[in-house]
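Here is the structure we will look at.
Just so you know, these numbers use all the heavy atoms, side chains as well, and skip hydrogens, waters and symmetry mates. In each ligand, atom 1 is the first atom listed, and ligand 1 is the first ligand listed.
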Amino acid sequence: MSGAIQPLLHVDGLHAHYGKSHVLRGVTLQVGRGEVVSLLGRNGSGRSTTLKAMMGLVPPSAGRVELGGRALAGAPPHAICRAGLAYVPEEREVFANLTVDENLRMGQQPPVAGAVRWSIPQMFDWFPRLKERRGTKAGSLSGGEQQMLTICRSLLGNPLAILIDEPTEGLAPKIVAQVAECIQDMRRQGVSVVLVEQKLAIALKVSTRVCVMGHGHIVFEGSPAQLLADREMQQQWLAV
Ligand SMILES: Nc1ncnc2c1ncn2[C@@H]1O[C@H](COP(=O)(O)OP(=O)(O)OP(=O)(O)O)[C@@H](O)[C@H]1O
Ligand SMILES: [Mg+2]
């Protein structure tokens, strides 16, 4: 990894099980401040489990997770969230009976030392559609709108780092482009992002680094250009 990058998030030798099934077998990765690191891999390769184990939603059976020097592995999800790690799950989690505005206000947290401070107008700049629908109950939004809302609500907690699982899945191309722009903006502002993204083109576009998962750990780590040039790696670990 480039020496110029100041590491913020460290994952070291992370293991996780579902019952007897040993899914994560020593995942190690570092994310610098303002870096977007994509986790790629085939279906079932453990990308979502990596995010869940970092967030404490799946208890790690071994390994270390550190954010800004604070050890997080073994802590409950709410404590990990308060330490500055945000998580946007694949299932869009909105409060269905609250309006868009109310959902966003639910996400707002006081400023966090060392973290970027976000505002609701900034969210509306990224996603004008949310502004148009600010008085609408979140339960009646489209899947894409719910995805935007979930991302925005998480960011309004002013996290140091955010984990985002397949944010563009099932979205129209125009919305995919807006989500990509929003992720690039997070990076420009200095938020660290770990992104699970199925669309290789999007991952290559928004990431500073890409990691490929296989056999329960990282089998490739490099720049988007390095992955793009490595046909063999793509064939072995990404081709369906
Ligand atoms: N709750 C669970 N209970 C038991 N096994 C699970 C559970 N969740 C995931 N698994 C299994 O763990 C492995 C890794 O799953 P994970 O969801 O992390 O994969 P992924 O890389 O996110 O792929 P995808 O999103 O395409 O399913 C898979 O074999 C999956 O079947
Ligand atoms: Mg997944």
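- Ionic pairing of Glu35 and Arg209 is present here: one or more N-O contacts between side-chain nitrogen and carboxylate oxygen are shorter than 4.0 angstrom.
- Using modelled atom types, one finds no donor on one side chain facing an acceptor on the other under 3.5 Å when comparing Thr99 with Lys137.
- When heavy-atom distances to ligand 1 are checked against a 4.0 Å cut-off, Met213 has no atom that comes that close, whether in backbone or side chain.
- Not close to ligand 1: Lys52, with no non-hydrogen atom less than 4.0 angstrom away.
- With respect to atom 9 (C) of ligand 1, the closest heavy atom belonging to the protein is Tyr18 CE1, 3.4 Å.
- The closest approach between a heavy atom of Ser21 and any atom of ligand 1 is not below 4.0 Å.
- Under 2.8 Å from the Mg ion (ligand 2), one finds the following protein N/O/S atoms: Ser48 OG.
- Considering only non-hydrogen protein atoms, atom 24 (P) of ligand 1 sits nearest to Arg47 NH2, 3.5 Å.
- Using a 4.0 Å cutoff on heavy atoms, Gly46 counts as a contact of ligand 1.
- With a 4.0 Å heavy-atom cut-off, ligand 1 is reached by the side chain of Val23 but not by its N, CA, C or O.
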Got a list of side-chain donor-acceptor pairs under 3.5 Å for residues 82-93, not counting sequence neighbours?
unit_1 : atom_1 : unit_2 : atom_2 : d
Arg82  : NH2    : His78  : ND1    : 3.1
Arg92  : NH1    : Gly143 : O      : 3.3
Arg92  : NH2    : Glu169 : O      : 2.7

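- Within a 4.0 Å radius of atom 1 (N) of ligand 1, the protein has at least one heavy atom.
- Scanning the protein heavy atoms around atom 30 (C) of ligand 1, the nearest turns out to be Gly44 CA, 4.9 Å.
- Shown in contact with Glu166 at under 4.0 Å from a heavy atom are these atoms of ligand 1, numbered in order with element: 25 (O).
- Shortest contact from atom 16 (P) of ligand 1 to any protein heavy atom: Thr49 OG1, 3.5 Å.
- For the atom pair Leu195 CG and Ser207 OG, the distance stands at 6.0 Å (nearest 0.5 Å).
- Any N or O atom pair closer than 3.5 Å counts here, and Ser48 shares at least one such pair with ligand 1.
- Around NE2 of His22, the count of heavy atoms belonging to other residues, nucleotides or ligands within 6.0 Å exceeds 12.
- Salt bridge absent: Arg134 and Glu102 never bring a charged side-chain N and a carboxylate O closer than 4.0 Å.
- Using a cut-off of 4.0 Å between Lys/Arg side-chain N and Asp/Glu carboxylate O, Glu132 and Arg129 are scored as salt-bridged.
- Within a 6.0 Å sphere centred on CZ of Arg231, heavy atoms belonging to other residues, nucleotides or ligands number 12 at most.
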